[in-house]
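This report refers to the structure that appears directly beneath it.
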2 protein chains.
Amino acid sequence: MIASSIEDVAAAANVSTATVSRAIRGLPRVSPQTRARILAIATEMGYVASSAASGLATGRTRTIGVLAPYVSRWFFSRAIEGVDLVLQQNQYNLMLINLGGYGGGRERLFEHTMLRKQIDALVVLCLALLPSELEHLHLTEIPLIAVGGPVKGFHQVCIDDYQAAKLATQHLIELGHQRIAQVLGEDKNELNFEVPKLRDKAFEETLVNSGLRFRPEWEVDGEFTVAGGVSAARRLFDAPGEQPTAIFCASDEMALGVMMEAQRRGIRVPQDLSVIGIDNHEFSAAAGLTTVAQDPVEQGRLAAEMLLNELAGKADAVRSVAAPFQLVKRGSTAAPLA
Amino acid sequence: MIASSIEDVAAAANVSTATVSRAIRGLPRVSPQTRARILAIATEMGYVASSAASGLATGRTRTIGVLAPYVSRWFFSRAIEGVDLVLQQNQYNLMLINLGGYGGGRERLFEHTMLRKQIDALVVLCLALLPSELEHLHLTEIPLIAVGGPVKGFHQVCIDDYQAAKLATQHLIELGHQRIAQVLGEDKNELNFEVPKLRDKAFEETLVNSGLRFRPEWEVDGEFTVAGGVSAARRLFDAPGEQPTAIFCASDEMALGVMMEAQRRGIRVPQDLSVIGIDNHEFSAAAGLTTVAQDPVEQGRLAAEMLLNELAGKADAVRSVAAPFQLVKRGSTAAPLA
DNA sequence: CTGTTAGCGCGTTCAC
DNA sequence: GTGAACGCGCTAACAG
C-alpha cells in the first residue's frame, strides 16, 4: 500500500502516468473529474512521488541548505527556525550543514555535499568562508544568501552591527558611565566572521568620540559564550586598580556570564555595575539584562522567502536587507552610584 | 568544469561509465592504473555524482532525518549536533524536520515528506507521536530510533528519567530538606512526551518514600523554559504561608529561571533556598546550578551510529540503550539553615 | 483534455 | 578487468 509508483496509480485510474503527474502536481490540462479520481486513488494507495526521481527529471530538489557554524547557539538555532518556518509553508525541505562538528574535512563538505545538486539554494549563517569555498559555492550557481553577518560577495540579511554596538555603548554613556569595559568575542576557530570586529570598533569609536578614555586592559575576550563571559568578568574583577562601572558585552550570552560572576562576588547589578549585551537572548528577559535586541527568526524567515522567490523565477528577489534592532532597557543598567 | 556527468568523465578517460562508477566508489574489478587515472580526471573536472540519480538507482539517499519538537532548546540542538557528528564522518546528510514551527499541517509532513523516500533512517527527538504518525513511520520500513525519551514501539537512547529525578530529589532530602517544592514541565502543545511525567512521578514517590509530605500546592508548571521557571518561582514565592527550603526543577532551564527570580527578591541561594535541576545545560556551570547531568550530544551520536550500522546491514544494530546521568554538585544546593 | 515517448544520470547485471 | 544495455520513477515535449 505504500511502495507504489506512479505507474500503479496510473493503472488503477486507467490513465497515463503523465496525467497522474499533472493531476497530482496541480497542473492544468486535466479535467476536474479525472483529477479528483486520480487524487482519490493516489491518496488511498498512499502514493507519494519519489523525490529522487522527480529531482532527476526536474533538476530541482525542493531542499534548501542551511550552513551554520554551530547549531546549539541562540542566534543560529533561532535563525534556523526562521528559515524552517518558510520552508515548511512551501513544502521545501531543510538540509542542515553544520560546520561546527567538522573535523578537518571541511573542504570535502564543499566539494561534495554542496555540489551534488542536493540543494536548490543555500543560507549561510554568519560564517567566514574561505576563498576556495566561496568559489565553489558560486560555481554551483544556486541562489545564495547570508544571514547574521556579511559574507563577501553575498547578499545578506543582518543588523548593522556597528550601529547596534554604538547604541549599546551610548546607552551606558548617557547614563553617566565614564569607566566602561568591553567583553568581546574573538575569532577563534575561523568559524567566525566580521561581526565581532564591527562591534568592537563601534565600541571604541563611540567611547573616544564621547571624550572617554579607551583602555585596552578593559577589553577582554568572552568567546561569545556564557563560560567565556564568566572568565572575562573574573579577569576584569581580579585586575588591580580602578574598576569599571559598566561593561558592554558583544553578546547577551557573555553578558549573562558577567552578571553571574558579578552576583557570585556580591557585586550588585546595576548599583555597582551596569551590564549591557546585544541579541535579546531567550534568557535575557528572565535575567533582567538590558540589551540591543535583534530577531534571528525574522532574519531567517526573510532570507528564506527571498530565496524561494528567486527560485520561483522572480528576478533579483534576493537582495541585501538591514534587519531592525532596538534598545531594550531592563534592570541591568543604571546610572553609576558615584 | 562543474556541471559534468559521469559520461563526461568516462569520455575523458576513454572508459565506460560503468568503470568510472566502479572506480569512484572504490569497488573492485578496476585495475589500479585505470582507477588512478579516472580519479585524477574526475577530481580535475570537479565531478560529483548526482545524488538524485544515484538515489534513484540505488534506492538510498544517504540522508538521515532528524525529527525534533524544537531546534532552539538545549537538549534538542545538542542532540542534533551529536547526530550530525556521526553523519558527517560517514558522508551522510542531515535533514532537519522541525515540528515546532508546524502550523497545523503536521500530518501532511508525515504523509509527504517522510514518505517520499527522502531519508534512509529517522531519529525522533523525544516527541510524542500520534498513532497515525507512528503507523506512517513504520510503513516506511526505514530504521527508526528515539532519543531523549521513549516513543512507543521505538528503540531508544535516553536516560532513565525516573532514576534521574529520584537522584535529584534524594540529594535534597539527604541535605536535610523537608519542605521541597517542584517545578515541572507540563504537556502543553502535544509536542511533548512522557519524560515530564516520569520525573514528576519520581519526585512524588521519592518524597513520600522518605516520609516527607507531598504538597500539591508546591507543584507548579514551568513549561520547560526559563521564563516558565521565573513565573513558577513567583507563584511559589507569592503564596502565603510556609515557604519551601528547596525546589526540584525538572529541567535546568526552569531551575535557572527560579534562581533568577530568587535573586531578584533577595532570596539567597543556597542559604535560603536550594535549587536543583536536570540536564546540565550549558549555562548551569556558569550559574553554579547543581544538577543531574546528561549528555544529549552523546545520545545523538550513539543513535546515529546504530542507525548507520543498521543501514550497513548489521542485524539488530538498533537497540535500546540507557544513557548515563550523574549528580553534579555545585553551589545552588546546601543544607537548610533552620 | 489525454497519451506516447524520450530522456534525467547513475548503478548494475550480464557478456566479453 | 572492462563495456553495453537496461532500469530506477518521474517530468517534459509533442501528438493526438
Side-chain angles (χ1 to χ4, degrees), chain A residues 2-39 41-42 45-63 91 93 112 115-120 140 311 313, chain B residues 2-39 41-42 45-63 91 112 115-120 140 311:
Chain A
I2 272 290
S4 49
S5 82
I6 198 170
E7 288 201 25
D8 305 327
V9 180
N14 266 318
V15 292
S16 72
T17 60
T19 304
V20 174
S21 179
R22 284 189 287 252
I24 289 184
R25 294 189 300 152
L27 297 183
R29 304 188 165 189
V30 185
S31 78
Q33 303 92 303
T34 25
R35 186 189 303 273
R37 186 161 47 88
I38 292 174
L39 251 37
I41 293 177
M45 297 178 74
Y47 170 74
V48 185
S50 148
S51 59
S54 72
L56 224 204
T58 61
R60 287 274 176 109
T61 62
R62 288 198 83 81
T63 297
Q91 261 93 270
N93 296 119
H112 287 240
L115 297 175
R116 286 195 79 190
K117 307 168 192 76
Q118 298 191 112
I119 52 177
D120 295 342
T140 62
L311 289 175
Chain B
I2 274 290
S4 49
S5 84
I6 198 171
E7 288 201 25
D8 306 326
V9 180
N14 267 317
V15 293
S16 72
T17 60
T19 304
V20 174
S21 178
R22 284 189 286 252
I24 287 184
R25 295 190 303 149
L27 297 182
R29 303 189 166 189
V30 185
S31 78
Q33 303 93 302
T34 22
R35 185 189 303 275
R37 188 162 46 89
I38 292 175
L39 252 37
I41 292 177
M45 297 179 71
Y47 170 75
V48 185
S50 145
S51 60
S54 70
L56 225 203
T58 61
R60 288 272 176 110
T61 62
R62 287 197 85 79
T63 298
Q91 261 93 271
H112 287 239
L115 297 176
R116 284 195 82 188
K117 306 166 192 83
Q118 297 191 114
I119 53 177
D120 295 342
T140 63
L311 288 175

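Computed from a predicted model, the values in this text were never measured in an experiment. Every chain is numbered from 1, with letters handed out A, B, ... down the list of sequences.
Under the 4.5 Å side-chain criterion, counting only non-hydrogen atoms from C-beta, B:Thr61 is not in contact with B:Lys117. Between A:Ile24 and A:Arg35 the shortest side-chain heavy-atom distance does not fall below 4.5 Å. Using a 4.5 Å cut-off on side-chain heavy atoms (C-beta onward), B:Tyr47 and B:Ile41 make no contact.
Looking only at distances, a side-chain donor or acceptor of B:Asp120 sits under 3.5 Å from a matching main-chain atom of B:Arg62. Of the possible polar contacts, none joining the A:Thr34 side chain to the A:Val30 backbone as a donor-acceptor pair under 3.5 Å is found. With hydrogens and angles disregarded, no donor-acceptor distance shorter than 3.5 Å links the side chain of B:Ser21 to the backbone of B:Thr17.
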Requested in this report: Indicate for each nucleotide in nucleotides 7-16 of chain D, in 5' to 3' sequence, whether protein heavy atoms under 4.0 Å reach the base (B), only the sugar-phosphate (S), or nothing (-).
Outcome: -BBBSBB---

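Partners of A:Arg29 according to the side-chain contact (heavy atoms from CB on, under 4.5 Å) rule, which considers only residues two or more places apart in sequence or in another chain, are A:Arg22. For the side-chain contact (heavy atoms from CB on, under 4.5 Å) test, residues two or more places apart in sequence or in another chain that qualify with B:Ser51 are A:Arg116, A:Gln118. Residues that satisfy the side-chain contact (heavy atoms from CB on, under 4.5 Å) test with B:Ser16, not counting sequence neighbours, are B:Ala18, B:Thr19.
Comparing the end axes of the helix from C:dC1-D:dG16 to C:dC16-D:dG1, each fitted to five base pairs by superposing C1' atoms of four pairs onto the next four, gives an inter-axis angle of 30° (nearest 10 degrees).
Close approach of DNA chain C to chain A, defined as any atom under 4.0 Å from a non-hydrogen atom of the protein, starts and stops at C:dC1 to C:dG9.
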Query raised in the report: Between A:Leu311 and A:Arg60, does a side-chain contact (heavy atoms from CB on, under 4.5 Å) hold up when you go through it step by step?
Result: CA-CA 10 Å; A:Leu311 289 175; A:Arg60 287 274 176 109; 4.0 Å; yes

